[in-house]
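Accompanying notes for the structure given below.
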Amino acid sequence: MKVALIQANVKIGDPDQNFTNIEKLMTKAIERQPDMIVLPEMWNSGYALEKADEVADLNGERTKEFLSSFAKKNSVMIIGGSTLTSTPQKDFKNTMFVFGRDGRELLSYEKIHLFRLMDEHKYLQAGEKVGLLDYEDMKIGFMICYDLRFPQLSRKLVNEGASLLVNVAQWPTARLDHWRHLLIARAIENQCFIVAVNRCGKSGDTEFPGNSMVIDPLGRVLLEGNDEEEIYHIEISLDEVEEVRNHIPVITDQRLDLY
C-alpha cells in the first residue's frame, strides 16, 4: 500500500487559505499515485478555538464535499486529518472524516480525549466512540493527537482487529521527544504499523516540528520527516503485521481475564 503523508503548515483562523493550501498539496501528492493520503489535525482552522463561531465547518459540509470530490476524482482513499466542526446548536468538535476511492464517506471520528493545555475542554465536546474502519481487506484504527497518550485506546483498536494505527496531530516542538517515543512504543507493544502526520510551522507562540513518522510492527522507524511543509511517500505491506505477531505472540498471550 502506497501512502502519502501531507505535513502541512496551518494558518490559524483562516479556513480559505488552508483549504487552498491542502488542495495544492494533495494535487502534488497524487502525482505519485498513492493508495492513501493522510492529512494533519485541525488543518482547516488551527487552534482558533476562541473564534470557533466564525471558522468552524458547519456539519463538516465544506470538508466532506471537498474531500469526497477529490477522492472520487483521483480514486484515492483520504484520511482527512481532522477539522474543527460545528452544529447549528453551536456544538464544536475536533472531527476526522475518511473517504474511500469512490468518494463515499467511510467514517467520522470525533476526538475522545480533549487536550487541556490547548483549551480543547473549554470549547469542544469529546467524542463518544472509537474510530475503527474495515476497508479493502484491512482494519485501520484512528487517533487524534492527544489520543496517543492513552495506550488503552490503541490496544482496544488492535484487539478489535487493527493492523494499522493512524494518528493525526498538532503536536508541539516542546514535546517532540514524547511524540517520537510514544509512537514507537505504540507500534512495538501493538505489533502494528503506525502512520503519524503532524503539522509544521508556528501558531502564535507555539512551534510545531512536523516530524511525521511511519513505524513498522517491530518499532523500526521507516520514515521521519523534517520541520518543513512537505509531502512524504512510503510503501508498506500490512502482511508484515501477521508475521511479527506469529513470531512473538503478544496479542494472543494477553491475559484479559486478569487485566
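Everything numeric here is computed off the predicted structure, so don't read it as measured data. Positions are given from 1, in the same order as the sequence printed here. These values consider heavy atoms only, across backbone and side chains, with no hydrogens, waters or symmetry-generated copies.
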* Does any pair with a residue in residues 166-183 pass salt bridge (Lys or Arg N to Asp or Glu O under 4.0 Å), and if so which ones, sequence neighbours excluded? -> Arg180-Glu224

* Between Trp43 and Phe19, does the ring centroid distance fall short of 6.0 Å? -> yes

* **N-O pairing of Glu61 and Lys64 below 4.0 Å** => yes

* **Cluster link Tyr123 to Tyr146, ILVMFWY, side chain under 4.5 Å** => yes

* Between Asn18 and Lys11, is there a donor-acceptor pair closer than 3.5 Å when you use the side chain of the first and the backbone of the second? -> yes

* **Donor-acceptor contact below 3.5 Å, side chain Arg155 vs main chain Glu189** => yes

* Any side-chain heavy atom of Lys111 within less than 4.5 Å of one from Glu41? -> yes

* Kindly say whether Asn190 contributes a backbone atom to a donor-acceptor pair with the side chain of Arg245 at under 3.5 angstrom? => yes

* Do you reckon Leu183 sits in the same ILVMFWY cluster as Val166, going by side-chain contacts under 4.5 Å, direct or chained? -> yes

* **side-chain hydrogen bond (donor to acceptor under 3.5 Å, both in side chains) evaluation trace for Asn159 with Gln254** => CA-CA 10 Å; Asn159 281 343; Gln254 295 178 94; 2.7 Å; yes

* In this structure, are over 12 heavy atoms from other groups packed under 6.0 Å from Glu65 atom CD? -> no

* To do: Would you mind reporting whether Leu157 and Met143 have side-chain heavy atoms less than 4.5 Å apart?
  => yes

* Would you say Arg62 and Thr83 make side-chain contact, with heavy atoms under 4.5 Å? -> no

* Asked: Is atom NE2 of His233 surrounded by more than 12 heavy atoms (other residues, nucleotides or ligands) closer than 6.0 Å?
  -> yes

* **Chi angles and distances behind the side chain to side chain contact (heavy atoms under 4.5 Å, CB included) call for Ile140, Met138** => CA-CA 6 Å; Ile140 309 172; Met138 60 181 171; 3.9 Å; yes

* To do: Identify which one of Thr63, Thr95, Asp91 satisfies the side chain to side chain donor-acceptor pair (under 3.5 Å) criterion when paired with Thr85.
  => Thr95

* Student check: side-chain heavy atoms of Asn211 and Leu176 closer than 4.5 Å -> yes

* Residues in salt bridge (Lys or Arg N to Asp or Glu O under 4.0 Å) contact with Asp205, at least two apart in sequence or another chain -> none

* Asked: Are Glu120 and Arg116 ion-paired here, with the side-chain N under 4.0 Å from a carboxylate O?
  -> no

* Asked: Do Leu133 and Met77 have side chains that get closer than 4.5 Å, going by heavy atoms?
  -> yes

* Asked: Hey, quick one: are Val38 and Ile144 part of the same hydrophobic cluster, counting side-chain heavy atoms closer than 4.5 Å, chains of contacts allowed?
  -> yes

* To do: Answer yes or no: is there a donor N or O on one side and an acceptor on the other, between the side chain of Asp216 and the main chain of Gly219, under 3.5 Å?
  => yes

* To do: May I ask you to test the Gln191-Ile248 pair for a side-chain heavy-atom distance under 4.5 Å?
  => yes

* Does atom CD of Gln33 have more than 12 heavy-atom neighbours from other groups under 6.0 Å away? -> no

* **Between CZ on residue Phe193 and CD1 on residue Ile236, distance to nearest 0.5 Å** => 5.0 Å

* Structure fact -> dist Leu148:CG -> His181:NE2 (nearest 0.5 Å) comes out at 12.5 Å

* Would you confirm whether Gln170, through its side chain, and Met42, through its main-chain N or O, come within 3.5 Å as a donor-acceptor pair? => yes

* Asked: What residues form a salt bridge (Lys or Arg N to Asp or Glu O under 4.0 Å) with Asp102, not counting sequence neighbours?
  -> Arg104

* Got more than 12 heavy atoms from elsewhere within 6.0 Å of CD, Glu242? -> no

* Asked: Taking it one step at a time, do Trp179 and Trp171 satisfy side chain to side chain contact (heavy atoms under 4.5 Å, CB included)?
  -> CA-CA 7 Å; Trp179 168 254; Trp171 198 285; 3.5 Å; yes

* **Trace of the side-chain hydrogen bond (donor to acceptor under 3.5 Å, both in side chains) decision for Asn198 with Ser212** => CA-CA 5 Å; Asn198 194 28; Ser212 298; over 6 Å; no

* Let me know which of Leu164, Leu165, Leu153, Ile79 forms a side chain to side chain contact (heavy atoms under 4.5 Å, CB included) with Phe142. => Ile79

* Asked: Judged by atom type as modelled, is there a donor-acceptor pair below 3.5 Å linking the side chain of Asn59 to the main-chain atoms of Thr87?
  -> no

* To do: Look at the side chain of Ser45 and the backbone N and O of Pro15, then say whether any donor-acceptor pair between them is shorter than 3.5 Å.
  => no

* For Tyr232 and Asn226, run side-chain hydrogen bond (donor to acceptor under 3.5 Å, both in side chains): C-alpha distance rounded to whole Å, both residues' side-chain angles, the deciding distance at 0.1 Å, then the answer. => CA-CA 10 Å; Tyr232 297 103; Asn226 60 24; 2.9 Å; yes

* To do: Check for a donor-acceptor pair, side chain of Asn44 on one end and backbone N or O of Leu84 on the other, with a separation under 3.5 Å.
  => yes

* Asked: Given side chains that start at C-beta, do those of Arg199 and Glu229 come closer than 4.5 Å, heavy atoms only?
  -> no

* Asked: Between Ser69 and Phe66, is there a donor-acceptor pair closer than 3.5 Å when you use the side chain of the first and the backbone of the second?
  -> no

* Asked: What's the spacing between Ile112 CD1 and Lys93 NZ if we round to 0.5 Å?
  -> 12.5 Å

* **Side-chain heavy atoms of Phe70 within contact of Thr27, under 4.5 Å** => yes

* Asked: Does a salt bridge link Lys129 with Glu110, judged by any charged N lying under 4.0 Å from a carboxylate O?
  -> no

